[in-house]
Amino acid sequence: MLRLLTRELRLAWVERSGGAIALIFFLIVVSLFPFAVGPQPQVLARIAAGVVWVAALLACLLSLERLFQPDAEDGTLEQLVTHGLSFEAIATAKIIAHWLTTALPLLLLTPLAAILLNAPAASWGLLAAGLALGTPALSAIGGVAAALTVGLRRGGILISLLVLPLAVPTLIFGVGLLDPLAGVAALKWLAATTLVALSVSPFAAAAGLRAALE
Amino acid sequence: MSGFLAMGGYAPYIWTAYAVVAVWLTGLGLVSWRRMRQLEAAADALRAQRRAER
Amino acid sequence: MHRFANPARFLRLARLIQPWTAAAMFACFGVGLYLALVASPIDYLQRDTVRIMYIHVPAAWMAMQTYAVIAVASLVSIVWRHPLADVAARAAAPIGVAFTAICLITGSLWGKPTWGTWWVWDARLTSVLVLLFIYMGYMALWSAFDDRQRAARAAAVLALVGAVNLPIIKFSVDWWNTLHQPASILRRGGPTIDPSMLKPLAVMGLAYLFFFITVLLMRMRADLAAQRLEAAAERRVMAQEVPA
Amino acid sequence: MPDPESASPLTVTDLACRRGGRLVFAALSFRLAAGRALLVTGPNGAGKSSLLKLLAGLLAPAGGTLERPGHIAYLGHDNALKAVLSVEENLRFWAGLSGGAAVEDRLARALDVTGLAALADVPARLLSAGQKRRAGLARVLASGAPLWLLDEPTVGLDTASIDRLGPAFSAHLEGGGMIVATSHVPLPLGAPEQLAMGGR
C-alpha cells in the first residue's frame, strides 16, 4: 500500500499543474467575496473564517474526479487488485494521497487567504488547526464519492452533490472552532466527525470500487 | 551605516520587500539559466551523436 | 516540419544578444539599487517607505508589459502561425507571474506601515491580483494538453480573450472601488512623484525590462531544446516500431 | 523463472459467472496442470474475458469452486501504463508490487524479449498501441507469477513480435508455469489444451 502511496505522490509531483489549479481556485474563490460584499475590512473580517472554509471545501472537490477514474480507465485498478492489494488498501492510499496533495497545500495558503480577507492574525492559528483537523474528513468523504461515481459520464458534478451535504458537520464545527465561547466543544466534535469519516470511508470506497470492476 | 539600515524605522518592511524581489528574480533567473544549460547540452549531445551515426 | 521554421536563426540571435542584455540588467540593477536605497531623497510624507515604491511600481509596469508581449505573441501565433510566437508566449508567462507577485507582495509591505493592514482592496492592487489569476490560468491551460499544437492554439486564444477583458476588468475594479470608497483612504503614490524620484524608478524599470528579455530568451532556448529532445524521443520510438 | 513448488494446479469445478444480471456461463469445469497452457476459444460475448477475470480474482464466481496458485499475472484489454511515466518506471512499479527475487534481471529480460529495452526511458505517452501492448506483456513476463492470464495478448502486435514471445512462453511453461490465454490469432504456445466456450 505504501508503494502505491509513494507512486501517487510521484504522479502528483510530475503533474503538479493539476494540484496548482486547486490552489489557484481556492484563492480566486476567496477573492470573489470582497468583490461581492465590498472591501470594507470589518465586514470581511467577520465572514473570513466561513469564506476560507467554503473555498477550501470547494477546492478539495476539484481533484476528486481524477482520484479513481484514470486508474479504472487505463487498467491500473485491475492490476492493483490482481497484485494482491485489497480495495480498502487502494482506497486508503488514494485518500491519503489526496489529502497530502490537495488539503495540505491549502493549509499552507490559508495565511494568504486570511490576509486577503483581513482576518485578524489571532484567528489564523484556529483557522489552520480547524482545516488541518477537518480536511481529512473531506478527503475521506470525497474518496467515497469518487469511488461510487467511477465510470459515470458526468461523475464530477455528482461527486460535489454527494460530498457537500456530508461535509456540513465538518464545515460547521470547523468554522465553530473560531467561536470564542463554543470553540473547545467545536474542536471535539470536529475531531469526532473526522474520525468517523476516516474509519468508515475505506470500506465504503472499497465497495464502490468493487462495484466499478463488475 | 546603522542609520542607513534603520531606514527611518521602516527597516523590516523595506528590507523584506527588497529581499522578496531579490530572491524571486534571482531564483527565476537561476532556474531558467540552469534549465537552459541542461536541456541545450542534452540536445546538442544528441545532435552530435546523430551526426556521428550518419 | 514547420515546427522548426527558423529556430536556428533565432538561436544565433539569442546567443548573440543575451550576454548584452544580461550585462545591461546587472548594470541597471546596480545603479538602480544605489539610487533607490542611497541617493534618493526621503519623501516628506511617506519617509523611507517610498523606497519600496522603486521596486513596486516598475514591477506593476512589467506585469502589464509582459502580458502585452504574450498577447502580441498570441496574435502572431494565430494569424501567422509562427511556432516561435508560441514559444515566446509560453516562456513569458512565468516571468509575468514573478512581476505580478512581486508587485503584490511589495505593495502589501508598503501598505502595512501606511495603513496598518497587510492587504487593502485598493483599485490598482486588486487589478494586479486579477492579472495574477489570469496568468496562472494561462499557464495551467498550457500544461493541460499533451499535444503541443492544441495547447499553443488554446493558450493563444485565451491570451487574446484576456487582453480584451483586461481594460474591462480594470474599469470594473475602479468602479467597484469608488463605489465603496470611503473618502478617508489616502490615494497612495499618485501623480505626486517629484522629479528626483523619477530617476530611480526609470533605472529600476530598465533593470526589470532587461531582466525580462534575458530570462525570456533563456526560457525560449530551453523550450526549443526540450522540443528537440521530445522529437528525438519520438524518432526513437518510430525507429523501434518499424525495425530497419 | 516461477518457483515450481508453489505452482499448484489450476482446478475449476462447475464454475458459473453472472455479470450485470446476465448469466455469462455455468457448469464450467477443467483442470490445468503445472507446465501446461490452455487456449480459450469461442465467439465474442461467450464469456472468455469474464472467465479470465474470474481466474484473476477480479470477479466473484456466481457458483462453483476455483483453486489457483496464490500469485497470478493478468493482462486484460488495457495495459495499465501511466502516460507521464517512462516505460521502465511503469514496469518497475508493477515488478516491485509483485515482489519476489531478482526483480532487476526479470525486468531486464522482459524488456529485452518484448524489444522495449531501447525505449525504457521514453515516456509511455509517446509509445504506439503495439508498443504499449508489448509493455503490458513485459509486465507479465517480469512478474515471476506461476499463472499467466492473457486476454488477447497479441492485439496490435506484428508477427515478428509475436514469434519472439514463443521462447518466453515455453521457458515459463518448462519452468512449471501455466498460461491461460484467449486469442483470435494463433499463439506460440506449442500444443496448448483447448477450451471452447459459448456453445449455446
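In what follows, chains are A, B, ... by sequence order, proteins preceding strands, each numbered from 1. All values reported here derive from a predicted model rather than from experimental measurement.
Heavy atoms only, all atoms of each residue included: B:Asp44 and C:Arg228 are closest at OD1-NH2, 3.8 Å. Closest of all the heavy-atom pairs between B:Trp24 and C:Ile105 is CZ3-CD1, 3.9 Å. Of all the heavy atoms in C:Ala222 and B:Leu39, the pair that sits closest is O-CD1, 3.4 Å. Of all heavy-atom pairs between C:Leu37 and B:Tyr18, the closest is CD2-CZ, 3.7 Å. Heavy-atom minimum distance, B:Leu28 versus C:Ile95: CD2-CA, 3.8 Å.
Applying the 6.0 Å contact sphere to CZ of B:Arg47 captures more than 12 heavy atoms from other residues, nucleotides or ligands. Heavy atoms of other residues, nucleotides or ligands lying less than 6.0 angstrom from CZ of C:Phe26 number 12 at most. Within 6.0 Å of CZ in B:Arg50 there are 12 or fewer heavy atoms belonging to other residues, nucleotides or ligands. Atom CH2 of B:Trp33 sits in a sparse spot, with 12 or fewer heavy atoms from other residues, nucleotides or ligands closer than 6.0 Å. The number of heavy-atom neighbours closer than 6.0 Å to NZ of C:Lys199, taken from other residues, nucleotides and ligands shown, is 12 or below.
The closest side-chain heavy-atom distance from B:Met36 to C:Met220 is not below 4.5 Å. Counting heavy atoms from C-beta on, the side chains of B:Val21 and C:Tyr208 come closer than 4.5 Å.
Top candidate by heavy-atom pairs under 4.5 Å with chain C, chosen from B:Arg37, B:Gln38, B:Glu40, B:Arg35, is B:Glu40. Each of C:Ile52, C:Ile55, C:Ile102 has some count of heavy-atom pairs under 4.5 Å with chain B, and the biggest count is that of C:Ile55.
B:Leu25 contributes atom CG, which lies 13.0 Å from atom CZ of C:Phe212 (distance to the nearest 0.5 angstrom).
Between the side chain of B:Tyr13 and the main chain of C:Thr106, no donor-acceptor pair closer than 3.5 Å is present.
In this structure, the portion of C:Leu33 lying under 4.5 Å from any heavy atom of chain B is its side chain and not its backbone. Residue B:Leu46 touches chain C through its side chain alone, counting heavy-atom pairs closer than 4.5 Å.
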